[in-house]
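Contents: one structure, followed by commentary.
Each residue takes its place number in the sequence, starting with 1. Please read all numbers here as calculations on a predicted model, not as lab measurements.
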Amino acid sequence: MFTIEQIKEAHAKVKSGADFPNYIQDLIILGVKGYDTFVNDGHVEYYGVNNYIVTSDEKYPEIKIEDTVNKERFIEFLVAHQDGQTDYITFCNHSGQCGIAKWRVDIIEMTCTYFDKSNAEILIEKIPG
């Protein structure tokens, strides 16, 4: 099974949202099936086969998640981030401002789903292969 150290090595190559597709390919090789990223502190739960889960530590000071979702503004921030215009922490702050509490990457389905505080799906994207 994979370890947090192996995932950190793959993640170290990511400099912007534009690097995301290559990161996903690295995770597939490690055996990761998906993961949830929590916007409030940046910790991530990685899932493998047979209910295998590893959890990373918090990555940054707490970000407030707004109660009201602003989907349109979030999409604007997301597009800018994927275009390489913002760094990761800026995107996380923007996500919290727009009411996004976490995102789930499903490597089998090749989707990224964004959720609010109540775990309602706000946006589902296909990940470029």
Query - Residues in ring-ring contact (aromatic ring centres under 6.0 Å, His included) contact with Y35, at least two apart in sequence or another chain - result: Y46
Query raised in the report: Among all residues two or more places apart in sequence or in another chain, which pass the side chain to side chain donor-acceptor pair (under 3.5 Å) test with E66?
Result: none
Query raised in the report: Side-chain contact, heavy-atom cut-off 4.5 Å: E125 with L78?
Result: yes
Query raised in the report: Where the side chain of K71 meets the backbone of I122, is there a donor-acceptor pair that is under 3.5 Å apart?
Result: yes
Requested in this report: State plainly whether one hydrophobic cluster holds both I100 and I127, where clusters connect Ile, Leu, Val, Met, Phe, Trp and Tyr through side-chain heavy atoms under 4.5 angstrom apart.
Outcome: yes
Report summary line: Across all chains, not counting sequence neighbours, the side chain to side chain donor-acceptor pair (under 3.5 Å) partners of N70 are none
Report task. Not counting sequence neighbours, which residues clear side chain to side chain donor-acceptor pair (under 3.5 Å) with E9? List them please. Result -> none
Report summary line: Minimal heavy-atom distance between I107 and V32, with the atoms involved, is CD1-O, 3.5 Å
Query - Residues that H43 engages under side chain to side chain donor-acceptor pair (under 3.5 Å), provided they are two or more places apart - result: D41
**Report entry** Selection residues 50-59 - residue pairs positive for side chain to side chain donor-acceptor pair (under 3.5 Å), sequence neighbours left out
**Finding:** S56-K59
Report task. Please list, chain by chain and in numerical order, all residues satisfying ring-ring contact (aromatic ring centres under 6.0 Å, His included) with F77, sequence neighbours excluded. Result -> H94
Query raised in the report: Quick one: does N93's side chain have a donor or acceptor within less than 3.5 Å of a partner on I89's backbone?
Result: yes
Report summary line: Taking every heavy atom of Y23 against every heavy atom of V14, the minimum-distance pair comes out as CB-CG2, 3.5 Å
Query - Summary of salt bridge (charged side-chain N to carboxylate O under 4.0 Å, His left out) pairs that have at least one residue in residues 95-124, sequence neighbours excluded - result: D36-K102, D36-R104, D67-K117
Query raised in the report: Testing F38, F91, F115 for ring pair (Phe, Tyr, Trp, His ring centres under 6.0 Å) with W103, which one passes?
Result: F91
Query - Side-chain touch V54/T3, heavy atoms, less than 4.5 angstrom - result: no
Query raised in the report: T37 and Y88: side chain to side chain contact (heavy atoms under 4.5 Å, CB included), yes or no, with the steps?
Result: CA-CA 12 Å; T37 300; Y88 181 73; 3.2 Å; yes
Query raised in the report: What pair of heavy atoms forms the shortest contact from V39 to C92, and how long is it?
Result: CG1-O, 3.3 Å
Query raised in the report: With sequence neighbours left out, what residues match Y47 under ring-ring contact (aromatic ring centres under 6.0 Å, His included)?
Result: none
Query raised in the report: Are V44 and I53 co-members of a hydrophobic cluster defined by side-chain heavy atoms under 4.5 Å apart?
Result: no
Requested in this report: Specify the closest pair of heavy atoms between V105 and C112, including all atoms of both residues, with the distance to one decimal.
Outcome: CG2-SG, 3.9 Å
**Report entry** Pairs meeting criterion side chain to side chain donor-acceptor pair (under 3.5 Å) with involvement of residues 72-81, two or more places apart
**Finding:** R73-E76, H81-T86
Query raised in the report: Linking I/L/V/M/F/W/Y whenever any side-chain heavy atoms sit under 4.5 Å apart, do M110 and V49 land together?
Result: yes
Report task. Indicate if I124 and Y114 have the same hydrophobic cluster label, given that clusters are the connected sets of ILVMFWY residues with side-chain heavy-atom separations under 4.5 angstrom. Result -> no
**Report entry** Residues that K13 engages under salt bridge (charged side-chain N to carboxylate O under 4.0 Å, His left out), provided they are two or more places apart
**Finding:** D26
Report task. Quick one: closest heavy-atom pair of L123 and I75, and the distance? Result -> CD2-CG1, 4.0 Å
Report summary line: Quick note, salt bridge (charged side-chain N to carboxylate O under 4.0 Å, His left out) partners involving residues 47-56, not counting sequence neighbours, are none
Requested in this report: For the residue pair T90 and Q85, establish whether any side-chain heavy-atom pair is separated by less than 4.5 Å.
Outcome: no
Report task. Taking the side chain as every heavy atom from C-beta outward, state whether F74 and V69 have any atom pair closer than 4.5 Å. Result -> no
